[in-house]
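I have placed the structure first, in the form of structure tokens, so that the comments after it can refer back to it.
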Amino acid sequence: MKKRLIPIILTVLIWAGMYYYYLPPLNIHSRDSWVFILTILVVGIVINFWTIFRAVFLDRTSPERAANRKIMKKLLIVPVALAIFYAVGTLLSSPIIRASAYNRLLTVETSDFTTDIREVDYNKIPILDSDSAAKLAEREMGSMVDMVSQYEVSSFFNQINYQGKPVRVTPLRYGDLIKWITNRSTGIPAYIQIDMTTQNVDLVKLQQGIKYSPFEHFGRNLYRYVRFRYPTAMIRTTNFEIDESGVPYWVCAVQDKTIGLFGGTDIKGAIVVNAVTGEHVYYDIADVPHWIDKVYDANLLIEQYDYYGTLKKGYLNSIFGQRECLKSTEGYNYIALDDDVWVYTGVTSIGGDESNVGFVLMNSRTKETKYYQVSGAKEISAMSSAEGQVQHLGYNATFPILLNIANEPTYFLSLKDAAGLVKKYAMVNIQKYQIVAIGDTVAECEKVYRNLMAGNGINTIDSGNALKISGTITMMKDIVADGNTYYYLMLDGSELLFEIEVKNQLGILKKQVGDTISLEYVAEPNGVNAVIELK
């Protein structure tokens, strides 16, 4: 009896160890669970192979031999039944059978570009991508002598809106196992915050260290901590975020399978864990707090849009006829709108068209999706156009974000050198993509861009938002930029700076300091107000 019990006890212990290490969800809809079950069955057979073989084949005189053979035959039915159930479940969950259900995973609203996306605010334009942010973080970390020997910058860079501005945040991590042992009692003491608009990097030190993270071991390891408290939850992504007070949290998106056994991946809620105290709360997707910016990852949103765009007329049409089939373009980026983070990607024909028919914005917290029918250049084409303007410098363009400049859909790109640092900026008109502007600053790039649009017959001034002012000229200077003459002036009693393009307002040539003048102007975010009429 002892000889028979030893393999069984060993099997159970190994199974427990495997569960502790791999942490599969106890959920019939999880493929990881099915793989885990198959694996432990194989392990159990290997460990108990000699006991099984002897009971069935060697003990010919044993009266239990016939009974053992019957038991083994019944046990063999289990893996066969599981395999059949898995195969049938996979087929019934596939787009081949359930194309219409996949098409309905995402609800898309057609919307108006100029109504939804306001004119650019230069204080909210993210000019860094994740690679550039990582390089800045590494440089900042290298200057922290007291921490660089014990901690490293982690790879959990996440773009969020923090106090109205786009930032990327990531925690530090232990340098190695020995440094975890010596520092685990106090935890990780800080996280890095990078302003995406100014490139400022801050090392935010915490009064109490981060005790729960993917960099911990045993019970404080984030994945193990969450799994033992939510054993059936299928965790899709884990993001690092901070609330409006700067308190660090882990946001674990909980996915669900809404079509058959394995199909129709969607997010049903989020487990939010305080990284310092370990306090945890589960929220249904409709109840996720507004300070959380990312529950739906970009890959899932784009996958669902592709199902929406390609399966309108069934699966076979998506393969053969491809009538009315659309798909997302290569790549994506994030846009900050109304204190939410939206995923941006272009939309093109599935037939391999080289231009976009429009673009979509998808909310990372709510999955709200808006489609804008604006035809023009693909993002890759815009990147090539911008790189062509500075090919002598060898700069590489980042994937563009979408801006509204003078009610014109515009690609905005950063141009990086070989070291990954941002050196210049580019703007490309989506519909007239021969209009490409380059500048050393965002404001300079925008000025060049507006001039190029005006030269191509595009009105860049909204007279409906015009303001009026009158006064005596106290300062007046002229400069020449890109072959155009501009006058800059100030009036008594006002701190505003006004810009007048001479070719549009020739009357300014008759004015000088001390003259009285009346202006109609449009307030610009960069503080240089464009005059549209003078008297």
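No hydrogens, no waters, no symmetry mates; every other heavy atom, side chains included, goes into these values.
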For residues 247-261, which side-chain donor-acceptor pairs fall under 3.5 Å, sequence neighbours excluded?
{"unit_1": "Trp250", "atom_1": "NE1", "unit_2": "Tyr212", "atom_2": "O", "d": "2.8"}
{"unit_1": "Lys257", "atom_1": "NZ", "unit_2": "Thr265", "atom_2": "OG1", "d": "2.7"}
{"unit_1": "Thr258", "atom_1": "OG1", "unit_2": "Gly264", "atom_2": "O", "d": "2.7"}

(request) Run the numbers on Leu361 and Ile117 for side chain to side chain contact (heavy atoms under 4.5 Å, CB included), then give the verdict. (result) CA-CA 10 Å; Leu361 295 181; Ile117 303 178; 3.8 Å; yes

(request) Rounded to the nearest 0.5 Å, what's the gap from CD1 on Ile235 to CG on Asp32? Could you check? (result) 11.5 Å

(request) Report the distance from atom CG of Leu106 to atom OG1 of Thr369, rounding to the nearest 0.5 Å. (result) 4.0 Å

(request) Check side-chain hydrogen bond (donor to acceptor under 3.5 Å, both in side chains) between Asp306 and all other residues, then give those that pass, not counting sequence neighbours. (result) Ser328

(request) Check for a donor-acceptor pair, side chain of Ser154 on one end and backbone N or O of Pro171 on the other, with a separation under 3.5 Å. (result) yes

(message) Looking at Tyr225 and Gly278, would you say the former's side chain and the latter's main chain have a donor-acceptor pair under 3.5 Å?
(response) yes

(request) Please answer whether the main-chain N or O of Val341 pairs with a side-chain N or O of Ser364 as donor and acceptor at a distance below 3.5 Å. (result) yes

(request) Might you work through the side chain to side chain contact (heavy atoms under 4.5 Å, CB included) test for Lys378 and Glu330, ending with a clear yes or no? (result) CA-CA 9 Å; Lys378 274 188 175 182; Glu330 308 89 347; 4.0 Å; yes

(message) Over 60° means perpendicular and under 30° means parallel, so tell me whether Phe359 and Tyr372 are parallel, tilted or perpendicular.
(response) parallel

(request) Taking all heavy atoms of Gln199 and all of Leu128, pick out the closest pair and write down the distance. (result) OE1-CD2, 3.6 Å

(message) If you compare all heavy atoms of Ser93 against all heavy atoms of Gly263, which two are closest, and at what distance to 0.1 Å?
(response) CB-N, 3.3 Å

(message) So, taking the atom named CD1 in Ile401 and the one named OH in Tyr411, what distance separates them when rounded to the nearest 0.5 Å?
(response) 12.5 Å

(message) With a 3.5 Å distance limit and no angle check, can you tell me whether Ser414 reaches the backbone of Ile127 through a side-chain donor-acceptor pair?
(response) yes

(message) Applying the salt bridge (Lys or Arg N to Asp or Glu O under 4.0 Å) criterion to Lys367, which one of Asp266, Asp340, Asp297 satisfies it?
(response) Asp266

(message) Using the rule given for side-chain hydrogen bond (donor to acceptor under 3.5 Å, both in side chains), can you reason through Tyr449 versus Asn429, listing the C-alpha separation, both sets of side-chain angles and the distance that settles it, and then say yes or no?
(response) CA-CA 9 Å; Tyr449 180 66; Asn429 191 283; 3.0 Å; yes

(message) With a 3.5 Å distance limit and no angle check, can you tell me whether Ser132 reaches the backbone of Gly420 through a side-chain donor-acceptor pair?
(response) yes

(message) Ignoring hydrogens, what is the shortest heavy-atom contact between Glu379 and Gly346? Give both atom names and the distance.
(response) OE2-N, 2.9 Å

(request) Any chance you could measure Ser30, atom OG, to Phe36, atom CZ, to the nearest 0.5 Å? (result) 11.0 Å

(request) Inspect the surroundings of NZ in Lys179 and state if more than 12 heavy atoms from other residues, nucleotides or ligands are less than 6.0 Å away. (result) yes

(request) Give the intermediate values and the outcome of side chain to side chain contact (heavy atoms under 4.5 Å, CB included) for residues Ile210 and Phe240. (result) CA-CA 12 Å; Ile210 294 174; Phe240 181 78; 4.2 Å; yes

(request) Please tell me if the side chains of Leu393 and Asp417 come closer than 4.5 Å, counting only heavy atoms from C-beta onward. (result) no

(request) For residues Gln431 and Pro409, report the shortest heavy-atom separation together with the two atoms involved. (result) OE1-CD, 4.1 Å

(request) Would you name the heavy atoms of Pro289 and Arg365 that are closest together and state the gap between them? (result) O-CD, 3.7 Å

(message) Quick check: Tyr151 with Phe215 (ring centres under 6.0 Å apart)?
(response) no

(message) Working to the nearest 0.5 angstrom, can you tell me the gap between Ile188 CD1 and Arg173 CZ?
(response) 8.5 Å

(message) Checking the side chain of Thr410 only, and the main-chain atoms of Glu408 only, is there a donor and an acceptor separated by less than 3.5 Å?
(response) yes

(request) Apply side-chain hydrogen bond (donor to acceptor under 3.5 Å, both in side chains) to Asp112 and list each qualifying residue two or more places apart in sequence or on a separate chain. (result) Thr114, Thr115

(request) Answer yes or no: are there more than 12 heavy-atom neighbours, outside Arg229 itself, under 6.0 Å from its atom CZ? (result) yes

(request) State whether the number of non-hydrogen atoms from other residues, nucleotides or ligands found under 6.0 Å of Gln373 atom CD is greater than 12. (result) no

(request) Please test Ile267 against Arg236 for side chain to side chain contact (heavy atoms under 4.5 Å, CB included), starting from the C-alpha separation and ending with a verdict. (result) CA-CA 8 Å; Ile267 303 298; Arg236 178 175 174 87; 3.9 Å; yes

(request) Mark yes or no: Arg220 above the aromatic ring of Phe218, with NZ or CZ under 6.0 Å from the six-membered ring centre and no more than 45 degrees from the axis. (result) no

(request) Kindly write out the residues that satisfy ring-ring contact (aromatic ring centres under 6.0 Å, His included) with Tyr395, not counting sequence neighbours, or none if the list is empty. (result) none

(request) Give a yes or no answer on whether the side chain of Asp293 reaches the backbone of Asn161 with a donor-acceptor pair at less than 3.5 Å. (result) yes

(message) When you compare the side chains of Thr186 and Asn183, does any donor N or O come within less than 3.5 Å of an acceptor on the partner?
(response) no

(request) Tell me, yes or no, whether the heavy-atom count around Gln208 atom CD, taken from other residues, nucleotides or ligands under 6.0 Å, exceeds 12. (result) no

(message) Can a donor-acceptor pair be found, under 3.5 Å and without considering hydrogens, that links the side chain of Asn333 to the backbone of Phe399?
(response) yes

(request) Could you tell me how the ring of Tyr308 sits relative to the ring of Tyr305: parallel (under 30°), tilted (30 to 60°) or perpendicular (over 60°)? (result) tilted

(request) Could you tell me which residues satisfy ring-ring contact (aromatic ring centres under 6.0 Å, His included) with Tyr162, sequence neighbours excluded, listed by chain and number? (result) none

(request) Scan Gln159, Arg168, Lys416 and name whichever one has a side chain to side chain donor-acceptor pair (under 3.5 Å) with Asp129. (result) Lys416

(message) To the closest 0.5 Å, what do you measure between OH (Tyr102) and CG (Leu311)?
(response) 9.5 Å

(message) Ignoring hydrogens, what is the shortest heavy-atom contact between Gly376 and Ser355? Give both atom names and the distance.
(response) O-CB, 3.2 Å

(request) Determine yes or no for a side-chain-to-main-chain donor-acceptor pair under 3.5 angstrom, with Asp202 supplying the side chain and Val204 the backbone. (result) no

(request) Give a yes or no on whether the backbone of Ala286 and the side-chain of Asp284 come within a donor-acceptor separation of less than 3.5 Å. (result) no

(request) If the plane angle is over 60° it's perpendicular, under 30° parallel, otherwise tilted; pick one for Tyr230 and Tyr282. (result) tilted

(request) Count the heavy atoms belonging to other residues, nucleotides or ligands that lie under 6.0 Å from CD of Gln163, then report whether that count exceeds 12. (result) yes

(request) Examine the side chains of Tyr433 and Ser385 and answer whether a donor and an acceptor come within less than 3.5 Å of each other. (result) no

(message) Once ring-ring contact (aromatic ring centres under 6.0 Å, His included) is applied, do any residues pair with His290, and if so which ones, sequence neighbours excluded?
(response) none

(request) State, without any angle test, whether Glu499 and Tyr521 hold a side-chain donor-acceptor pair at a distance under 3.5 Å. (result) no

(message) Given Tyr174, which partner from the list Arg184, Glu216, His217 fulfils the side chain to side chain donor-acceptor pair (under 3.5 Å) test?
(response) Glu216

(message) Atom OH of residue position Tyr20 - does it have more than 12 heavy atoms of other residues, nucleotides or ligands inside 6.0 Å?
(response) yes

(request) Could you tell me whether Arg31 sits above the aromatic face of Phe262, with NZ or CZ closer than 6.0 angstrom to the six-membered ring centre and within 45 degrees of the axis? (result) yes

